[in-house]
S.K.: 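I have a structure I would like to understand better, so I am pasting it below and will then ask my questions one at a time.
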Amino acid sequence: MAKIQWYPGHMNKARNQLEDKMGLIDVLVEVLDARIPESSRNPMIEDLVGDKPHLIILNKADLADPVMTKIWQKKLSGKGKVVIALDSLHNTNMQVLVRMVKKAASAKIAKLEAKGAANPVIRIALAGIPNCGKSTIINRLVGRNVAAVGNKPGVTKGQTWLKTQSNIQILDTPGILWPKFEDQDVGYKLAAFGAIKDSIFSADDVALFLLARLREHYLGDVAKFARTTKEQVGRINDTDLLLALTEEYGMRDDYDRFSLYLLQRLRKGKVGRITLDRP
């Protein structure tokens, strides 16, 4: 399988701009994909946050395995980090997020109020990988569509300050990856869930990787998607399963086309509530 890597120039620029603005930030909100909580953690974010209050959002929790989401919440919490599971698309837990932001910034708020400020403004930055749902979260917090939303990476290009009705200012940042994936499994997981442009990788390679992981942990979901039994799915290899699925879905031997279709269905939750990262 070919190596996957994607770090275009605008990501390096965005990373540098975020570093320059960290002095203005009261709370860093890191947005992860709940289906790959470990693989979607940008190690550069950890370097940037320093000792600032740090909130972690496990977004798209409605598409993830709920049992695994609870496990990841416990694993990622602690050491000054607060973790919240969020379904931003359906607007759940947004008020909880606002309360958590203000609680994380309570020391700064108290300091400003002691100086006579009434309803002081808190500045936060939302940072994360491409296509993790940052713009949807921002639109929910602001109350209108101010951030461009898309189901592909690279929609947000620049950094913008946005105001909310909760006395919170948000720095919207483009999705940022990192220069090198030390573990290629990370690259394949990011590709599978749409954090990397589809044109960067071979869809059939990612589909084969995905089928192997799904059969290991979600054999029943694979069988349902394949319209067959778990026994049938379990007895053939990944390549034969990909070919069988291609034929089952009426694409004859066009497995490249089916591979993209499989990834699209996975990203929309049509294969099941899937979490590929296991703690």
S.K.: Does NZ or CZ of Arg227 lie under 6.0 Å from the centre of the six-membered ring of Tyr249, at an angle within 45° of the ring axis?
M.R.: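 Positive - Arg227 is close enough to the ring of Tyr249 and near enough to its axis.
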
S.K.: Hydrophobic clusters here meaning ILVMFWY residues chained together by side-chain heavy-atom distances under 4.5 Å, can you tell me if Ile124 and Ile84 are in one?
M.R.: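 In one cluster with Ile124: Ile84, yes.
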
S.K.: Group every Ile, Leu, Val, Met, Phe, Trp and Tyr by side-chain heavy-atom contacts under 4.5 Å, then state whether Val271 and Leu243 land in the same group.
M.R.: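 Yes, Val271 connects to Leu243 through the hydrophobic network.
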
S.K.: Tell me whether Lys224 at atom NZ has more than 12 heavy atoms from other residues, nucleotides or ligands lying less than 6.0 Å away.
M.R.: no

S.K.: Please check if the side chain of Thr229 supplies one atom and the backbone of Gln232 the other of a donor-acceptor pair under 3.5 Å.
M.R.: yes

S.K.: I'd like to know if Lys134 pairs up with Asp172 as an ion pair, taking the criterion as any Lys NZ or Arg NE/NH1/NH2 lying under 4.0 Å from an Asp or Glu carboxylate oxygen.
M.R.: no

S.K.: Could you check whether atom CD of Glu248 has more than 12 heavy atoms from other residues, nucleotides or ligands sitting under 6.0 Å from it?
M.R.: yes

S.K.: Return the CD1 to CH2 distance between Ile170 and Trp161, rounded to the nearest 0.5 Å.
M.R.: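 Separation between the atoms: 10.0 Å.
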
S.K.: Donor-acceptor pair, Asp205 side chain versus Phe201 backbone, under 3.5 Å?
M.R.: no

S.K.: Between Arg265 and Asp221 (salt bridge meaning N to carboxylate O under 4.0 Å), is one present in this structure?
M.R.: no

S.K.: Any side-chain to backbone donor/acceptor pair from Tyr255 onto Leu245? Under 3.5 Å, distance only.
M.R.: no

S.K.: Would you indicate whether the side-chain heavy atoms of Val83 and Trp72 approach each other to under 4.5 Å?
M.R.: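 SC-SC contact between Trp72 and Val83 ruled out.
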
S.K.: Does Asn131 reach the main-chain N or O of Gly194 with its side chain, forming a donor-acceptor pair under 3.5 Å?
M.R.: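 Yes, because the side chain of Asn131 sits within donor-acceptor range (under 3.5 Å) of the backbone of Gly194.
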
S.K.: Looking at Lys189, is its backbone amide N or carbonyl O close enough to the side chain of Ser39 to form a donor-acceptor pair, meaning the two atoms are under 3.5 Å apart?
M.R.: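 Not a single qualifying donor-acceptor pair exists.
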
S.K.: Name all residues meeting the salt bridge (Lys or Arg N to Asp or Glu O under 4.0 Å) criterion together with Arg35; count only those two or more places apart in sequence or in a different chain, and write none if there are none.
M.R.: Asp33

S.K.: Checking Gln5 side chain against Pro179 main chain: does a donor-acceptor pair fall under 3.5 Å?
M.R.: yes

S.K.: Under a single-linkage definition using a 4.5 Å side-chain heavy-atom cutoff for Ile, Leu, Val, Met, Phe, Trp and Tyr, are Leu141 and Val121 assigned to the same hydrophobic cluster?
M.R.: no

S.K.: Taking all non-hydrogen atoms of both residues, which atom of Ala85 and which atom of Ala61 are closest, and how far apart?
M.R.: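 Smallest interatomic distance, heavy atoms only, reads CB-CB, 4.1 Å.
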
S.K.: Search all heavy atoms of Thr246 against all heavy atoms of Asp253 and return the closest pair with its distance.
M.R.: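 For Thr246 and Asp253, the tightest heavy-atom pair comes out as CG2-C, 4.2 Å.
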
S.K.: Could you check whether Lys108 pairs with Asp26 (Lys NZ or Arg NE/NH1/NH2 to Asp/Glu carboxylate O, under 4.0 Å)?
M.R.: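 A salt bridge is present here (some side-chain N lies under 4.0 Å from a carboxylate O).
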
S.K.: Is it true that Leu112 and Ile168 fall in one hydrophobic cluster, defined by side-chain heavy atoms closer than 4.5 Å?
M.R.: no

S.K.: May I ask you to decide whether Lys81 forms a salt bridge with Glu46, counting only side-chain N to carboxylate O separations under 4.0 Å?
M.R.: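 A salt bridge links Lys81 with Glu46.
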
S.K.: Answer yes when Glu19 and Arg15 have at least one side-chain N-carboxylate O distance shorter than 4.0 Å, and no when they do not.
M.R.: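 Yes.
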
S.K.: Looking at Lys52 and Ile25, would you say the former's side chain and the latter's main chain have a donor-acceptor pair under 3.5 Å?
M.R.: yes

